[in-house]
Amino acid sequence: MTTNLSEQTATAAASGAAATQRFQEKKTTAATSKERVDALATEVIRAVHDVIWRHKVTYDEYDALKAWLIQVGQDGEWPLFLDVWIEHVVEEVANEDRQGSKGTIEGPYYVPGSPELPAEATLPMRPDEPGTPLLFQGRVTGSSGQALAGAKVEMWHADDLGYYSQYAPGLPEWNLRGTVVADEQGRFKIHTIQPAPYQIPTDGACGTLIAAAGWHAWRPAHLHLKVSAPGHRLITTQLYFKGGSHVADDIAQAVKPELILDPRPKPDGSGKEVTYDFVLDPQ
Ligand code: MBD
Ligand code: FE
């Protein structure tokens, strides 16, 4: 029997370190005034004080919290923690006024600069990539229905075991990651495989919290996308699969009804296909 290297050796510390390093490569500055920092930090700290009073938090619990926060950093799991439990609200606020396609969270496993591919393309994958073949096709338009020729459809997703390339060992660098350039009519056809549901690492600090609280660690199977075109607002989103596990109880609370696909068997019997169109807001 063949064994899968990534399944055997993926650890919270390794994927956490990779996600932390990747995040630190991104330039992060916010034009936040002193007054606003004061207001935000004061309110967050007060909210914590309020929880301590309402629940009569003990010194043992305070020390357990301190130890856990230190562990989150040591495991490199701040990107994971924040993207699983906080990002969805930031996304809802950021996209509150968007008229076109729905967005959702980016998560910790995006890598910029994936290989550019023509309008009909197969995502980079291993010759024996396990999983049900999936044809994901559609069109990118602006809000009045005009084709956005040359729109970029960046897709990244986990493999059939729930692992992301560059965050688990043993996978080719760009496995299941690509940037598809839409044709003159804004159309794209992406051949890939259906990803598996994703369990966040359970052997790190986030897993400790999940076990201590009696939660589960699952996200439904999902495709990640960034869709962009000049003069239009880039959208970061995810698409899910109707009837799949954890669509109704995503740990990251990032599912929206508009983001659920219902792929049908391909007429030629080779896997499934689904059509999904993107509408980008003007900038
Ligand atoms: C993921 O694959 C993901 O998309 C999010 C948001 C958090 C953890 C893992
Ligand atoms: Fe993901």
Side-chain angles (χ1 to χ4, degrees), residues 6-7 10-23 26 72 75-95 102-112 114 123-125 131 134 136 153-169 171 174-179 190 192-211 213 215-227 235-241 244-256 259-261 276:
S6 52
E7 186 176 40
T11 63
S15 71
T20 295
Q21 194 193 342
R22 180 70 63 192
F23 184 75
K26 183 169 131 178
V72 175
D75 291 342
E77 285 199 334
W78 281 116
L80 182 67
F81 174 81
L82 288 164
D83 295 352
V84 166
W85 283 292
I86 308 293
E87 189 189 353
H88 69 98
V89 186
V90 180
E91 188 281 326
E92 285 157 20
V93 170
N95 285 327
K102 288 281 177 197
T104 191
I105 64 176
E106 176 173 314
Y109 302 141
Y110 171 64
V111 183
S114 64
L123 290 191
M125 63 174 77
L134 175 70
F136 176 77
V153 181
E154 267 185 280
M155 183 183 268
W156 72 103
H157 65 81
D159 67 12
D160 190 53
L161 290 168
Y163 291 107
Y164 284 87
S165 59
Q166 302 190 39
Y167 297 92
L171 295 169
W174 295 105
N175 212 55
L176 303 175
R177 297 176 183 271
T179 301
I190 306 175
T192 185
I193 55 111
Q194 260 191 228
Y198 178 84
Q199 187 181 34
I200 75 159
T202 52
D203 60 325
C206 290
T208 303
L209 171 62
I210 289 166
W215 301 338
H216 73 73
W218 290 92
R219 298 214 61 223
H222 55 279
L223 304 169
H224 287 273
L225 293 130
K226 282 183 187 278
V227 182
I235 189 146
T236 300
T237 194
Q238 296 181 31
L239 296 168
Y240 306 92
F241 299 92
S245 311
H246 302 294
V247 170
D249 63 349
D250 177 12
I251 188 182
Q253 296 180 60
V255 179
K256 301 178 186 184
L259 303 179
I260 301 175
L261 302 174
Y276 192 88

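Atoms within a ligand are numbered from 1 in the order they appear, just like the ligands themselves.
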Q: Assess whether side-chain hydrogen bond (donor to acceptor under 3.5 Å, both in side chains) is satisfied between Arg177 and Gln166, documenting all intermediate values.
A: CA-CA 10 Å; Arg177 297 176 183 271; Gln166 302 190 39; 5.6 Å; no
Q: So which heavy atom in the protein is nearest atom 9 (C) of ligand 1, and how far is it from that ligand atom?
A: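 Here the closest protein heavy atom is Tyr198 CE2, 3.1 Å.
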Q: Would the number of heavy atoms belonging to other residues, nucleotides or ligands and lying under 6.0 Å from NZ of Lys102 be above 12?
A: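 No.
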Q: Any N/O of Arg219 closer than 3.5 Å to an N/O of ligand 1?
A: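 For ligand 1, there is an N or O atom that lies under 3.5 Å from one belonging to Arg219.
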Q: Is His216 reaching over with its side chain to a backbone N or O of Asp249, donor-acceptor style, under 3.5 angstrom?
A: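 Checking the backbone N and O of Asp249 against the side chain of His216, a donor-acceptor pair under 3.5 Å is found.
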Q: Show me which atoms of ligand 1 lie under 4.0 Å from any heavy atom of Val84.
A: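 Those atoms are 7 (C), 8 (C).
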Q: With a cut-off of 4.0 Å, which atoms of ligand 1 are near a heavy atom of Ile105?
A: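 Near Ile105, meaning under 4.0 Å from one of its heavy atoms, ligand 1 has 6 (C).
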Q: Can you tell me how far apart CZ (Arg219) and CD (Gln238) are? Round to the nearest 0.5 Å.
A: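 So the gap between those two atoms works out to 4.0 Å.
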Q: Can you check whether Leu123's main-chain N or O pairs, donor with acceptor, with Thr192's side chain at less than 3.5 Å?
A: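 Such a contact is absent between Thr192 side chain and Leu123 backbone.
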Q: Using 30° and 60° as the class boundaries, would you call the ring planes of Tyr198 and His222 parallel, tilted or perpendicular?
A: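 It falls in the perpendicular class, over 60°.
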Q: Quick check, are the ring centers of Tyr164 and His224 under 6.0 angstrom apart?
A: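 Yes; His224 has its ring centre under 6.0 Å from that of Tyr164.
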Q: How are the rings of Trp218 and His246 set relative to one another: parallel (under 30°), tilted (30 to 60°) or perpendicular (over 60°)?
A: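 Rings of Trp218 and His246: parallel, under 30°.
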Q: Excluding waters, which protein N, O or S atoms are within less than 2.8 Å of the Fe ion (ligand 2)?
A: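 Listed by chain and number, the nearby protein N, O or S atoms are Tyr164 OH, His222 NE2, His224 NE2.
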Q: Heavy-atom contacts with Leu80 under 4.0 Å: which atoms of ligand 1 show up? List them by number with element.
A: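 Heavy-atom distances to Leu80 below 4.0 Å select 8 (C).
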Q: Looking at ligand 1, would His224 count as a contact under a 4.0 Å heavy-atom criterion?
A: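 His224 counts as a contact of ligand 1 under the 4.0 Å cut-off.
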Q: Classify the ring geometry between Trp78 and Phe81 as parallel (under 30°), tilted (30 to 60°) or perpendicular (over 60°).
A: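 Plane angle over 60°, so perpendicular.
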Q: Would you call Pro108 a ligand 1 contact, heavy-atom distance under 4.0 Å?
A: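 Heavy atoms of Pro108 do come under 4.0 Å of ligand 1.
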Q: Tell me if a side-chain donor or acceptor on Glu87 pairs with a main-chain N or O of Ile105 at a distance below 3.5 Å.
A: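 Side chain of Glu87 to backbone of Ile105, a donor-acceptor pair under 3.5 Å: no, none is there.
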Q: Check whether any side-chain heavy atom of Leu223 lies under 4.5 Å from a side-chain heavy atom of Ile190, and answer yes or no.
A: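 Side chain of Leu223 against side chain of Ile190, heavy atoms only: no contact under 4.5 Å found.
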Q: Is it true that Glu106 lies under 4.0 Å from ligand 1, counting heavy atoms only?
A: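 Under 4.0 Å: no for Glu106.
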Q: Any nitrogen or oxygen of Asp83, side chain or backbone, less than 3.5 Å from one on ligand 1?
A: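 Among all N and O atoms of Asp83, none is under 3.5 Å from an N or O of ligand 1.
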Q: Got the closest protein heavy atom to atom 2 (O) of ligand 1, with its distance?
A: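 The protein heavy atom lying closest is Tyr164 OH, 2.9 Å.
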